[in-house]
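By convention here, the first residue in the shown sequence is residue 1.
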Amino acid sequence: MRTVTTAHPRLCAAVALGSVAAHVWMAFGHAHAWWLSTVMLLMAAYCLPCALTLWRHGAAHPAAMLLWSAAGMAGLHLVLVTAAALPPAGTHGHHGAAGQLASAHLAGSAGPMLAIIALELAVAALAASWLRRLRLAAARPVSAA
């Protein structure tokens, strides 16, 4: 007789909900352009139903949706961190006030962005491992007892 585990999908859902909360906090708690805050809130709203469904049912479809959206968001955040590290156009490396301003901005915004990347990668890894467990369980023959 197989036992159904809920710890794995619930851990994945909890980390995804943590990422949703972080996006909402970043949208309201930091000075961004209105459209950037709107995009963060839309991303949070997009992830919320799948995270809640995964918490309740542990199904494959919400896990797959979380896997792909979390991996995509981690990649997007990585691009944003990399772009913030580049000096503004018209400056030469670290010379000038604009280069120093860019370095100061990066130092202030890189920490939260790297934390979001770590959360997104954790969601993707947990969702991928849950999907693998589901596939392996489906492939195993059920013994008649």
Side-chain angles (χ1 to χ4, degrees), residues 1-89 91 93-94 98-145:
M1 184 159 127
R2 256 186 230 158
T3 60
V4 177
T5 179
T6 59
H8 194 142
R10 285 193 173 179
L11 177 62
C12 181
V15 176
L17 291 170
S19 178
V20 167
H23 279 88
V24 171
W25 174 70
M26 292 290 287
F28 288 118
H30 293 82
H32 294 106
W34 68 269
W35 62 268
L36 190 55
S37 293
T38 302
V39 169
M40 282 188 259
L41 292 173
L42 287 173
M43 258 328 284
Y46 177 78
C47 289
L48 189 60
C50 290
L52 292 175
T53 303
L54 187 63
W55 179 274
R56 287 187 207 118
H57 304 292
H61 181 68
M65 294 296 289
L66 284 174
L67 166 63
W68 292 112
S69 62
M73 288 307 298
L76 176 64
H77 285 106
L78 187 59
V79 168
L80 293 174
V81 166
T82 305
L86 298 175
T91 63
H94 61 276
Q100 291 172 352
L101 184 62
S103 296
H105 177 70
L106 175 63
S109 66
M113 188 81 76
L114 292 174
I116 294 286
I117 291 171
L119 272 174
E120 298 292 353
L121 290 175
V123 170
L126 286 165
S129 60
W130 177 242
L131 288 170
R132 178 165 170 75
R133 284 182 70 181
L134 288 175
R135 262 185 267 130
L136 290 175
R140 241 181 271 139
V142 178
S143 59

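With values rounded to the nearest 0.5 angstrom, L67 atom CG is found 11.5 Å from L54 atom CG. Distance check, rounded to the nearest 0.5 Å: OG1 of T6 to CZ of R56 gives 14.5 Å. Here the OH-CG distance, from Y46 to L66, works out to 8.5 Å after rounding to the nearest 0.5 Å.
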Please list every donor-acceptor pair under 3.5 Å in which a side-chain atom of residues 13-26 meets a protein atom from a residue at least two apart or in another chain.
residue: S19; atom: OG; partner: E120; partner atom: OE2; Å: 2.8
residue: H23; atom: ND1; partner: S19; partner atom: O; Å: 2.8

Can I get a per-line list of side-chain donor-acceptor pairs under 3.5 Å for residues 132-139, giving both atom names and the distance, sequence neighbours left out?
residue: R133; atom: NH1; partner: H8; partner atom: ND1; Å: 3.1

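Counting only distance, with no hydrogens or angles, the side chain of W130 and the backbone of A63 share no donor-acceptor pair below 3.5 Å. Side chain of H77 to main chain of M73: a donor-acceptor pair is present (N/O by atom type, distance under 3.5 Å, no hydrogens or angles).
In this view, W34 and T38 satisfy the side-chain contact (heavy atoms from CB on, under 4.5 Å) rule, not counting sequence neighbours.
Taking each heavy atom of A60 and L131 in turn, the nearest pair found is O-CD2, 3.4 Å. Residues A124 and A70 approach most closely at N-CB, 3.9 Å, considering heavy atoms. For the residue pair A27 and S37, the shortest heavy atom distance occurs at O-OG, 3.2 Å. Across every non-hydrogen atom of L78 and T82, the tightest pair is O-OG1, 2.8 Å.
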